[in-house]
Amino acid sequence: MPTEINTKGKNSIGSFYPARWILEELVKNNIPLIISDDAHSVSQLGQYFDEAETLLSQLNAIKRWSL
C-alpha cells in the first residue's frame, strides 16, 4: 500500500509527515510513496513539493506512486 508524504506539516511543525526516520524505513521496505500537499486553499497547492522531491531523492526513494 502506498504511503503519503504530507508537505503541510512544514507550515505547522516545520517538517514533513511522516518523520524522516519513518520515510527511511518505508524506502528500505520498498513501500511506494506519493507526495501530497493536503491543501486547504489554492495558495497551498504544490507547496514544498520541490523540498519533498529533494528529500526523497536523498533517501533514494525510487518506488513512487501516482494517480
Side-chain angles (χ1 to χ4, degrees):
M1 173 181 283
T3 300
E4 168 191 38
I5 176 171
N6 188 314
T7 63
K8 190 169 183 168
K10 291 281 285 184
N11 291 328
S12 56
I13 61 172
S15 64
F16 298 127
Y17 181 84
R20 183 184 177 110
W21 72 268
I22 296 173
L23 292 170
E24 290 170 353
E25 290 300 315
L26 294 168
V27 171
K28 282 183 198 174
N29 287 287
N30 208 28
I31 305 296
L33 298 169
I34 186 169
I35 299 172
S36 171
D37 49 30
D38 191 20
H40 291 219
S41 68
V42 173
S43 65
Q44 295 173 333
L45 290 172
Q47 193 173 40
Y48 305 115
F49 274 31
D50 290 342
E51 288 181 46
E53 288 288 355
T54 298
L55 173 60
L56 293 180
S57 178
Q58 291 170 355
L59 297 176
N60 248 354
I62 56 173
K63 188 152 188 181
R64 304 293 292 280
W65 193 78
S66 62
L67 298 174

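Taking 4.5 Å as the limit, some side-chain heavy atom of L55 sits within range of a side-chain heavy atom of I5. Between D37 and Q44 there is no side-chain heavy-atom pair separated by less than 4.5 Å.
Heavy-atom neighbours of I62 CD1 from other residues, nucleotides or ligands within 6.0 Å: at or below the threshold of 12. Heavy atoms from other residues, nucleotides or ligands lying under 6.0 Å from CG of D50 number 12 at most.
Distance check, rounded to the nearest 0.5 Å: CG of L23 to OG1 of T3 gives 8.5 Å. With rounding to the nearest 0.5 Å, the separation of NZ in K63 from CG in L26 is 12.0 Å. Separation of atoms NZ (K8) and OH (Y48) is listed at 11.5 Å; rounding is to 0.5 Å. Taken to the nearest 0.5 Å, the CH2 atom of W65 stands 5.0 Å off from the CD1 atom of I34.
Note on F49 and L59: same hydrophobic cluster, where clusters join Ile, Leu, Val, Met, Phe, Trp and Tyr whose side-chain heavy atoms are under 4.5 Å apart, directly or indirectly. A continuous path of hydrophobic side-chain contacts links I31 to I35 [ILVMFWY only; heavy atoms under 4.5 Å]. Note: the hydrophobic cluster containing F16 also contains W21 (ILVMFWY, side chain heavy atoms under 4.5 Å, direct or indirect links).
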Step by step, would you call E24 with R20 a salt bridge (Lys or Arg N to Asp or Glu O under 4.0 Å)?
CA-CA 6 Å; E24 290 170 353; R20 183 184 177 110; 3.2 Å; yes

Checking side-chain contact (heavy atoms from CB on, under 4.5 Å) for the pair V27/L33: CA distance, chi angles, key distance, verdict?
CA-CA 8 Å; V27 171; L33 298 169; 4.0 Å; yes

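Between S36 and D38, the closest heavy-atom pair is OG-N, 3.3 Å.
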